[in-house]
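Quick one: structure below, then a few questions.
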Amino acid sequence: MERLQKVIAQSGLTSRRKAEQLIKEGKVKVNGKQITELGMKVSSKDKVEVNNKPIEKEQKEYYILNKPRGVVTTTHDEHGRKTVLDFIPTTARIYPVGRLDYDTTGLLLLTNDGEFANILMHPNEKVEKVYIAKINGIIKGEQINKLKEGVEVDGIKVSASRVKLKKVNNKNNTCMVQITIHEGKNHQVKKMFESVGFQVEKLKREKVAFFNLKDLQSGQYRKLTPKEVAKVYALEQ
């Protein structure tokens with residue numbers, strides 16, 4: 001027996017938190033009976049419907065992709081551009097966990113497990129996101145401290161847990177900076193650097209939680225191991 005919202009999330013339909021909301025809104029039925037309160041447990045024999053449609057139990061799939069530049073992080077693009085799904089041959093309804101900008105490269109996770117995705121996307125000190133940014137100009141200690149203390153992005157204060165100057169090119173007046181954040185707001189890293197006076201010329205995500213791009217070239221992917229999936233669920237504890 002498992003909680004109703006977890007079963008809905010495991011179907012790949014939505015996240016567990018969204019499933020809880022659907023239950024409260026009266027959009028979920030179990031064996032034909034409308035459910036509006038959380039806490040109910042169901043078994044594989046129970047018929048669960050969301051918006052009057054039976055949920056389908058879907059085999060869970062989990063992937064890590066080294067996203068190339070010039071690829072959109074979406075399941076479909078109306079302009080016909082290449083999407084991250086074009087790199088992974090599967091018939092499962094997988095989708096990206098979070099997003100990377102069109103011109104941003106690096107680590108992207110994809111799955112059809114709503115609860116797994118929600119754990120990684122929800123701001124959590126255990127889920128670090130590590131980026132390498134090439135910026136115009138040479139960043140100084142004062143600006144690094146400001147990023148760590150917190151800057152305003154779209155009206156919200158965000159901060160980096162770590163900022164490290166990795167490489168300086170005085171000839172081109174650029175530098176490479178490693179920055180670690182826990183949130184994942186739209187264009188967050190670029191906007192953080194803009195707030196202290198720098199434009200990001202290139203951006204690559206190197207790490208999410210304990211995942212990294214080891215042995216994955218641009219455009220390559222691999223499936224996650226059961227041990228890695230279990231480790232993500234352990235982050236919620």
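Because the structure is a prediction, the values reported are computed rather than measured.
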Task: The single option from K185, H187, K191, Q188 passing side chain to side chain donor-acceptor pair (under 3.5 Å) against D154 - done: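 Per the side chain to side chain donor-acceptor pair (under 3.5 Å) rule, the option paired with D154 is K191, out of K185, H187, K191, Q188.
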
TODO: Ignoring hydrogens and angles, state whether a donor on the side chain of N66 or Y221 is under 3.5 Å from an acceptor on the partner side chain.
DONE: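 Checked: N66/Y221 side chains show no N/O donor-acceptor pair below 3.5 Å.
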
TODO: Determine the minimum heavy-atom distance between Y62 and T111, stating which atoms define it.
DONE: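 For Y62 and T111, the tightest heavy-atom pair comes out as CD2-OG1, 3.2 Å.
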
- [ ] May I ask you to decide whether R222 forms a salt bridge with D215, counting only side-chain N to carboxylate O separations under 4.0 Å?
- [x]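 Looking at D215 together with R222, the answer is no, because their closest N to O distance does not fall below 4.0 Å.
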
Open item on the list: Return the OG1 to NZ distance between T180 and K164, rounded to the nearest 0.5 Å.
Closed with: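 Reported value, rounded in 0.5 Å steps: 10.0 Å.
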
- [ ] Considering non-hydrogen atoms only, spot the tightest contact between K41 and M1 and give its length.
- [x]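 Looking at all heavy atoms of both residues, the shortest contact is O-CE, 3.5 Å.
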
TODO: State plainly whether one hydrophobic cluster holds both L108 and V130, where clusters connect Ile, Leu, Val, Met, Phe, Trp and Tyr through side-chain heavy atoms under 4.5 angstrom apart.
DONE: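 In one cluster: no.
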
Task: SB check E183 K129 (cutoff 4.0 Å) - done: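 No, E183 and K129 are not salt-bridged.
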
- [ ] Keeping the roles fixed (side chain from D46, backbone from S43), state whether a donor-acceptor pair exists under 3.5 Å.
- [x]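 Present.
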
- [ ] Fit a plane to each ring of F116 and Y233, take the angle between them on a 0 to 90° scale, and name the class: parallel (under 30°), tilted (30 to 60°) or perpendicular (over 60°).
- [x]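 Judged by the thresholds at 30° and 60°, the geometry between F116 and Y233 is tilted.
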
- [ ] Compare every heavy atom of A209 with every heavy atom of L235, then report the nearest pair and how far apart it is.
- [x]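 Here L235 and A209 meet closest at CD1-CB, 4.3 Å.
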
Open item on the list: I'd like to know whether K24 forms a side-chain contact (heavy atoms from CB on, under 4.5 Å) with T36, so could you lay out the CA-CA distance, the side-chain angles of the two residues, the decisive distance to 0.1 Å, and finally the verdict.
Closed with: CA-CA 5 Å; K24 291 176 182 177; T36 57; over 6 Å; no

- [ ] State yes or no: do L107 and F87 share one hydrophobic cluster built from I, L, V, M, F, W and Y residues joined by side-chain heavy-atom distances below 4.5 Å, directly or via other members?
- [x]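 No, separate clusters.
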
Open item on the list: Between E25 and K27, does any NZ, NE, NH1 or NH2 come within less than 4.0 Å of an OD or OE carboxylate oxygen?
Closed with: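 Here K27 pairs with E25 in a salt bridge, since their nearest N and O are under 4.0 Å apart.
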
TODO: Decide whether a cation-pi geometry holds between K204 and Y131; the criteria are a distance under 6.0 Å from NZ or CZ to the six-membered ring centre and an angle within 45° of the ring axis.
DONE: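 Here K204 fails the 6.0 Å and 45° test against Y131.
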
Open item on the list: Tell me if a side-chain donor or acceptor on T225 pairs with a main-chain N or O of E228 at a distance below 3.5 Å.
Closed with: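 Between the backbone of E228 and the side chain of T225 there is a qualifying donor-acceptor contact (under 3.5 Å).
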
TODO: Can you see which heavy atom on E20 is nearest to which on Q5, and at what distance?
DONE: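 Looks like OE2-NE2, 3.5 Å.
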
Open item on the list: Could you report the tightest heavy-atom contact between L120 and V127, atom names first, then the distance?
Closed with: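 Answer, listing the atom of L120 first, then V127: O-CG1, 3.5 Å.
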
Task: NZ (K146) with more than 12 external heavy atoms under 6.0 Å - done: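 No.
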
Task: Where I139 and L165 come nearest, the two heavy atoms and their spacing - done: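 Here I139 and L165 meet closest at CG2-CD1, 4.0 Å.
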
- [ ] For the pair N169 (side chain) and N172 (backbone), establish whether a donor and an acceptor sit closer than 3.5 Å, ignoring hydrogens and angles.
- [x]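 Present.
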
Task: Side-chain donor or acceptor of D113 paired with backbone N/O of E115 under 3.5 Å - done: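 Checking the backbone N and O of E115 against the side chain of D113, a donor-acceptor pair under 3.5 Å is found.
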
- [ ] Look at the side-chain heavy atoms of Ile, Leu, Val, Met, Phe, Trp and Tyr, link any pair under 4.5 Å apart, and say whether L22 and V42 land in one connected group.
- [x]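 Both belong to a single hydrophobic cluster.
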
TODO: Test side-chain contact (heavy atoms from CB on, under 4.5 Å) on L110 and V84 and set out the steps.
DONE: CA-CA 9 Å; L110 301 99; V84 290; 3.8 Å; yes

Open item on the list: If you apply the rule side-chain contact (heavy atoms from CB on, under 4.5 Å), what do you find for I138 with N170, and how did you get there?
Closed with: CA-CA 8 Å; I138 312 300; N170 288 308; 4.3 Å; yes

TODO: Using the salt bridge (charged side-chain N to carboxylate O under 4.0 Å, His left out) rule, take K202 and D103 through it: C-alpha gap first, then chi angles, then the decisive distance, then the call.
DONE: CA-CA 8 Å; K202 286 185 179 180; D103 58 349; over 6 Å; no

Open item on the list: Under a 3.5 Å distance rule, please check whether K29 uses its side chain to pair with a backbone N or O of V48 as donor and acceptor.
Closed with: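 Such a contact is absent between K29 side chain and V48 backbone.
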
Open item on the list: So that I can tick it off, tell me whether E152 and K157 are bridged by a salt bridge, with the cut-off set at under 4.0 angstrom between side-chain N and carboxylate O.
Closed with: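 Between E152 and K157 there is no salt bridge, as every charged N stays at least 4.0 Å from the carboxylate O atoms.
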
Open item on the list: Let's go through F198 and Q143 carefully: what are the C-alpha distance in whole Å and the side-chain angles of both, what is the deciding distance for side-chain contact (heavy atoms from CB on, under 4.5 Å) to 0.1 Å, and is it a yes or a no?
Closed with: CA-CA 10 Å; F198 297 97; Q143 293 144 333; 3.5 Å; yes

Open item on the list: Hydrophobic cluster membership, with links at side-chain heavy-atom distances under 4.5 Å among I/L/V/M/F/W/Y: are V158 and I144 in one?
Closed with: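 Same cluster.
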
Open item on the list: Whether the side chain of D86 engages the backbone of K82 through a donor-acceptor N/O pair (distance < 3.5 Å, no angle test) should be reported.
Closed with: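 Not at all, since once roles are kept as given, no pair shorter than 3.5 Å links the two residues.
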
- [ ] Evaluate the criterion side chain to side chain donor-acceptor pair (under 3.5 Å) for residue pair E61 and T90; output intermediate values, then yes/no.
- [x] CA-CA 9 Å; E61 295 188 12; T90 178; 2.7 Å; yes

Task: Within one Ile-Leu-Val-Met-Phe-Trp-Tyr cluster: I181 and V196, side-chain cutoff 4.5 Å - done: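 Yes; tracing contacts between hydrophobic side chains, which count when under 4.5 Å, links both residues.
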
